[in-house]
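Both counts, for ligands and for their atoms, begin at 1 and track the order of listing. This structure is a prediction, so every number in the text was calculated from the model and none was measured.
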Amino acid sequence: MSMNNQGRPTKASDAMDANVKTFTGNKALMIEEALSFEVGDLSGSGVDLQEPSGEYDRLGGLKRNNMIGLPGLSEPEAMRHFVRLSQKNYAIDMGPFPLGSCTMKHNPRLNEKVARLPGFADLHPLAPESAAQGALELIDTLAFWLKELTGMPAVAMSPKAGAHGELCGMMAIKAALEARGEAGKRVRVLAPESAHGTNPATAVLCGFKVESIPGDGTGRVDLEALKEKLGDDVAGIMVTNPNTCGLFERDIRAIADAVHEAGGYFYCDGANFNAIAGKVKPGDLGVDAMHINLHKTFSTPHGGGGPGAGPTVLSEALAPFAPLPYVSLEDGKYGLVETLHHAEAEDSGETLGRLTAFHGQMGMFTRALSYMMSHGKDGLKQASEDAVLNANYVLARLKSEMTPSFDGPCMHEALFDDRFLKDTGVETIDFAKAMIDEGYHPMTMYFPLVVHGAMLVEPTESESKRELDLFCDALLSLAKRAKAGETESFKAAPVYAPRRRLDETAAARHPVLRWSPPQKAEAAE
Ligand SMILES: *Cc1c(COP(=O)(O)O)cnc(C)c1O
């Protein structure tokens with residue numbers, strides 16, 4: 001395979017069967033794309049004219065001596081470059097995106113229409129409050145519905161991702177412990193073995209020591225094992241519910257009670273709220289803090305498609321430590337409480353401070369509220385029910401050829417392990433690559449870690465039965481092919497992608513994140 005000086009395979013022809021080689025490297029109207037730096041001439045811009053002679057220097061000697069090192073592309077060349085790249089980016093608008101834990105659901109176009117209203121889209125974050133009343137009302141209204149849906153008394157709107165919301169919640173817990181004079185003593189945070197990586201990472205970032213809680217063999221937390229680990233040095237627990245195995249933690253109340261009794265706090269990872277929104281209020285489960293991934297549950301585009309937003313709801317115990325700013329309403333006028341000095345409410349005296357420069361992810365707020373209001377209370381509840389129904393449909397249909405990790409029905413995602421691939425020579429990663437050839441973005445692979453060769457499928461409520469059937473038929477045919485001994489074709493997959501199988505270990509261990517000119521790269525070797 002020919003590589004460029006960055007160690008990346010460059011030519012599409014390398015990635016194609018010999019008999020489908022084309023002169024240009026393009027495949028029909030799917031056009032091959034190099035880096036803009038590799039296409040454009042670094043020694044000029046896309047629109048250079050010849051240097052006029054005999055001109056005096058109007059910049060008084062400040063004229064640049066060297067080129068700025070950007071590729072010289074004409075406007076149409078630059079435009080086409082980025083449009084072609086965007087076509088290579090798989091998106092929920094192109095087909096099903098079954099990534100488990102990510103809730104890749106359809107983002108209704110109504111949301112986009114509302115987010116683009118100039119009053120919201122063109123508003124400057126430093127606009128005076130008097131000129132931003134509508135935007136502040138929108139943040140306040142969304143906050144109201146988030147509190148209503150979760151049954152929690154307070155919400156911090158500014159976190160800009162789920163992981164950022166975790167940071168907000170854990171910082172609030174730390175601040176509460178400090179206020180109690182116990183921050184030095186309570187240093188342990190417990191999290192299940194199946195926890196999302198951001199949970200332990202957040203706890204460690206906040207200076208806690210993470211200890212894992214064993215499972216009970218049915219994919220849930222072992223309550224007795226948890227109780228044994230509790231003590232007066234425990235700051236709290238971080239539990240996802242429904243959990244990352246796609247199962248509801250039935251003992252959740254008992255878990256919350258045990259942790260509270262031991263003097264700790266309960267952080268709930270709310271990434272899987274899509275299974276229970278409108279059905280269960282986390283406040284009723286004893287939760288102290290929970291982030292809500294607006295970009296998952298409330299449909300706003302994410303991943304390659306856009307930013308996230310992770311508002312974090314807080315219990316009465318943690319509310320006083322909520323970050324600034326927050327929206328206030330007085331005499332019919334909305335305002336922003338931005339500093340401690342201006343915080344009028346007595347209980348805001350212990351705020352953990354600011355998490356972001358401004359007020360959060362406004363575009364996501366607009367889309368999420370549009371989604372909520374267009375669905376209504378009954379619609380949100382039905383969305384959750386349909387998400388669970390779709391996952392169970394997939395589970396039931398794939399059961400005959402694939403191996404579900406746990407018995408019984410699931411919540412909004414179906415978890416399989418690699419037992420059905422035993423002795424076939426095909427591994428989870430090969431199966432995922434073969435899915436790409438069938439036109440499917442793979443499901444989440446090798447997560448959660450508690451299951452061998454995990455494949456976590458989350459169809460979401462927005463897939464129709466027709467789409468689900470085609471998806472299941474494709475996976476069933478792959479499973480049959482693997483069992484029939486077609487190992488070689490799995491190892492070779494993907495065959496039809498612009499790039500074939502890459503060395504993922506090398507890509508992860510030695511990522512090349514910066515382009516450098518050929519001479520320099522050669523000199524470095
Ligand atoms: C997505 C996810 C997170 C992190 O959310 P981001 O918005 O990606 O930062 C945390 N926990 C679980 C279970 C998730 O699925």
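- Looking at S101 and E413, their side chains never bring a donor and an acceptor atom within 3.5 Å of each other.
- Of the charged side-chain nitrogens involved, none lies within less than 4.0 Å of a carboxylate oxygen, so that K105 and D386 do not count as a salt-bridged pair.
- Within 4.0 Å of ligand 1, contacts by protein heavy atoms are made from S101, A161, G162, A163, E166, H196, T198, D269, A271, N293, H295, K296.
- Taking D257 as the reference, R253 meet the side-chain hydrogen bond (donor to acceptor under 3.5 Å, both in side chains) condition, with sequence neighbours excluded.
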Could you pull out all donor-acceptor pairs under 3.5 Å where a side-chain atom in residues 91-98 meets a protein atom, sequence neighbours excluded?
| residue | atom | partner | partner atom | Å |
| --- | --- | --- | --- | --- |
| D93 | OD1 | R109 | NH2 | 3.1 |
| D93 | OD2 | R109 | NH2 | 2.3 |

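- By the 4.5 Å heavy-atom criterion applied to side chains, C206 and L167 are counted as neighbours.
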Just list the side-chain donor-acceptor pairs under 3.5 Å for residues 145-163, sequence neighbours left out, or say none.
| residue | atom | partner | partner atom | Å |
| --- | --- | --- | --- | --- |
| T150 | OG1 | L146 | O | 2.7 |
| T150 | OG1 | K147 | O | 3.4 |

